[in-house]
Protein chains: 2
Amino acid sequence: MERGDLLSAACPSREVLKHMTSRWGVLVLLALEGGTLRFSALRRRIGGVSERMLAKTLHWLEGDGLVERIAHEVVPPHVEYRLTPLGREGAARVRALADWIEQSLPEIAQNW
Amino acid sequence: MERGDLLSAACPSREVLKHMTSRWGVLVLLALEGGTLRFSALRRRIGGVSERMLAKTLHWLEGDGLVERIAHEVVPPHVEYRLTPLGREGAARVRALADWIEQSLPEIAQNW
DNA sequence: CGGGATCCTGCAGGATACTG
DNA sequence: CAGTATCCTGCAGGATCCCG
């Protein structure tokens with residue numbers, strides 16, 4: 001498998017990009033950068049996510065090997081999510097973008 | 001105006017994030033990193049964009065002060081788009097993410 | 001507690017035609 | 001050439017209920 005080329009319509013990288021930059025994908029990566037979190041904690045941490053979309057987003061990222069799901073077989077269920085090594089790398093890039101936006105917000109907002 | 005906090009539901013940074021990480025927003029920023037481009041050139045450069053979405057995306061990014069529109073008053077119209085200094089900063093972060101995805105694609109795709 | 005199943009809505013995004 | 005106007009579709013995303 002060779003390197004991707006996002007500017008080409010058919011590039012599979014676009015799928016990964018879609019997951020990582022999806023509305024909640026970004027925020028999940030940011031939230032998990034702080035360490036392992038349970039589903040409910042993750043939900044509380046990220047303002048505004050619905051259960052359904054959080055689950056979906058976690059599935060996408062898990063499918064890309066960026067997030068790892070660890071289920072403890074107990075009742076009531078106890079499930080944790082954490083970044084894989086690959087996920088940590090990706091999250092760092094997302095973090096850089098997020099930080100820049102948050103910091104540049106004052107300057108950006110002047111145009112509004 | 002203070003710094004943003006993306007994890008909070010009400011943070012205005014989420015708007016900017018939405019524009020920059022929108023399906024075509026990312027690719028416009030990447031494409032314009034190479035230099036000024038005309039509308040049609042931009043469209044050709046980015047595989048799969050419709051005219052309508054390219055126009056919309058450019059409006060969003062222009063509204064955030066990341067892209068500058070330069071219209072030459074001639075017939076036929078001649079309009080160019082380029083990154084503002086702020087846009088160049090943002091594009092660099094997006095580029096870092098994009099590069100990482102393109103390069104990590106092989107490793108990511110192993111999970112498929 | 002951690003979801004899956006279901007139903008619903010809005011808007012991103014697309015196709016096409018038209019114009020200054 | 002660089003769009004706008006119009007109409008249409010699909011899917012992200014939301015609300016709710018339910019179950020092991």
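These numbers come from the heavy atoms of this one structure, side chains and all, not from hydrogens, waters or symmetry mates. First the proteins, then the strands, lettered A, B, ... as listed; each starts at 1.
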Quiz prompt | Rounded distance (nearest 0.5 Å) linking atom OG1 of A/Thr36 with atom OH of A/Tyr81 | solution = 12.5 Å
Self-check item: Side chain proximity check, A/Arg3 to B/Leu105, heavy atoms < 4.5 angstrom
Solution: no
Quiz item: Does a nitrogen or oxygen in the side chain of A/Tyr81 sit under 4.0 Å from OP1 or OP2 of C/dC1?
Solution: no
Quiz item: OP1, OP2 of C/dC1 versus side-chain N and O of A/His72: anything below 4.0 Å?
Solution: no
Quiz item: How many Å lie between CG on B/Leu37 and P on D/dC1, as a whole number?
Solution: 15 Å
Practice problem: Determine yes or no for a side-chain-to-main-chain donor-acceptor pair under 3.5 angstrom, with B/Glu102 supplying the side chain and A/Ser13 the backbone. | Solution: no
Quiz item: How close or far is atom P of D/dA12 from atom CG of A/Leu54, stated in whole angstroms?
Solution: 16 Å
Quiz item: Looking for any heavy atom pair under 4.0 Å, which part of the strands does A/Arg69 touch: base, sugar-phosphate only, or nothing?
Solution: sugar-phosphate
Exercise. Hey, could you give me the CZ/CG distance between B/Arg45 and B/Leu27, rounded to the nearest 0.5 Å?
Key: 10.5 Å
Quiz prompt | Between D/dT4 (P) and B/Phe39 (CZ): distance, integer Å | solution = 8 Å
Quiz item: Mapping B/Val49 and A/Glu80 to their closest nucleotides on DNA chain C, which lands nearer the 5' end?
Solution: A/Glu80
Quiz item: What nucleotide among C/dG14, D/dA12, D/dA2 has an atom nearest to a side-chain atom of A/Met53?
Solution: D/dA12
Quiz item: What about A/Arg52, does its side chain sit under 3.5 Å from the base of C/dT6 through a donor-acceptor pair?
Solution: yes
Quiz prompt | A/Arg23 vs B/His78, nearer the 5' end of DNA chain D by closest nucleotide | solution = B/His78
Practice problem: Select base, sugar-phosphate, or nothing to describe what A/His59 touches, counting heavy atoms under 4.0 Å on all strands. | Solution: sugar-phosphate
Quiz item: Do B/Met20 and B/Leu29 have side chains that get closer than 4.5 Å, going by heavy atoms?
Solution: yes
Quiz prompt | Residue-phosphate contact under 4.0 Å: B/Arg38 side-chain N/O, D/dC1 OP1/OP2 | solution = no
Exercise. Using a heavy-atom cut-off of under 4.0 Å over every strand shown, decide if B/Gly48 touches base, sugar-phosphate, or nothing.
Key: sugar-phosphate
Exercise. For residues B/Trp60 and B/Ser22, report the shortest heavy-atom separation together with the two atoms involved.
Key: CZ3-OG, 4.0 Å
Quiz item: Quick one: A/Glu73 CD to C/dG3 C1', roughly how many Å, whole number?
Solution: 13 Å
Exercise. Counting heavy atoms from C-beta on, name the nucleotide in C/dG4, D/dA2, C/dG14 closest to the side chain of B/Pro77.
Key: D/dA2
Quiz item: Where each residue is assigned the nucleotide of DNA chain C containing its nearest heavy atom, which of B/Lys56 and B/Arg43 is assigned the position nearer the 5′ end?
Solution: B/Lys56
Self-check item: Euclidean distance, atom CG of residue B/Leu27 to atom P of C/dA12 [Å, nearest integer]
Solution: 17 Å
Quiz item: Is there a side-chain polar atom (N or O) of A/Ser50 under 4.0 Å from OP1 or OP2 of D/dA15?
Solution: no
Self-check item: Value in whole Å for how far the P atom of D/dC19 lies from CD of A/Glu51
Solution: 15 Å
Quiz item: Counting only side-chain N and O atoms of A/Trp24, is one of them less than 4.0 Å from OP1 or OP2 of D/dG14?
Solution: yes
Quiz item: Among the nucleotides C/dA12, D/dT4, D/dA12, which one has an atom lying closest to any side-chain atom of A/Lys18?
Solution: D/dA12
Self-check item: Gap between atoms CD1 and P, on B/Ile70 and D/dA2 respectively (whole Å)
Solution: 13 Å
